[in-house]
Amino acid sequence: MRKTLLALLGAAAVLGTTATPVSASALETREFVGHGSSDFGLALFYARQDARTQADRAGFTDCEEYFKLVISPYEATVFWRCTR
């Protein structure tokens, strides 16, 4: 009885590991900080443009803004997390 139970558990372990698909590519994650300042109140726009430019230069296309710090309409900072 014990040998049968061990054989079934072993078979289940082997099937469980081979039935799970393995991803061929690993995702790379990187964070970018964009700074913007403007005399016309467009600081947030310029901060996002700065972060986008940095991400594009590094080859990252899938980005999300996870935090923004708007001190005034004239000074802003954004934090982006990007993956590729």
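Excluded from the calculations below are hydrogen atoms, water molecules and symmetry mates; all remaining heavy atoms, backbone and side chain alike, are included.
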On a heavy-atom basis, the closest approach of Ala51 and Trp80 is CB-CD2, 3.7 Å
Approximate separation, where rounding is to 0.5 Å, of Glu64 CD and Arg81 CZ = 6.0 Å
Taking every non-hydrogen atom, the tightest pair across Arg30 and Phe60 | CB-CZ, 3.6 Å
Indicate, with yes or no, if Val70 and Val78 share a hydrophobic cluster defined by side-chain heavy-atom contacts under 4.5 Å among Ile, Leu, Val, Met, Phe, Trp and Tyr.
-> yes
CD/Gln54 to NE2/His35 distance, rounded to the nearest 0.5 angstrom?
-> 7.5 Å
In this structure, OG of Ser37 is separated from CG of Leu44 (nearest 0.5 Å) by 12.5 Å
When rounded to the nearest 0.5 Å, the distance separating CZ of Phe40 from OH of Tyr46 is 8.0 Å
Could you grab the distance from atom OG1 of Thr77 to atom CG of Leu69, nearest 0.5 Å is fine?
-> 5.5 Å
Heavy atoms of Gly34 and Asp50 approach each other most closely as CA-OD2, 3.3 Å
Supply the atom-to-atom distance Glu31 CD to Cys63 SG, rounded to the nearest 0.5 angstrom.
-> 11.0 Å
Would Val33 and Ile71 show up in the same hydrophobic cluster when neighbours are defined by side-chain heavy atoms closer than 4.5 Å?
-> yes
When the ring planes of Phe67 and Phe79 are compared, do they come out parallel, tilted or perpendicular, using 30° and 60° as the limits?
-> tilted
Take Phe32 and Arg52 through the side chain to side chain contact (heavy atoms under 4.5 Å, CB included) test and state the conclusion after the steps.
-> CA-CA 8 Å; Phe32 297 95; Arg52 169 56 61 200; over 6 Å; no
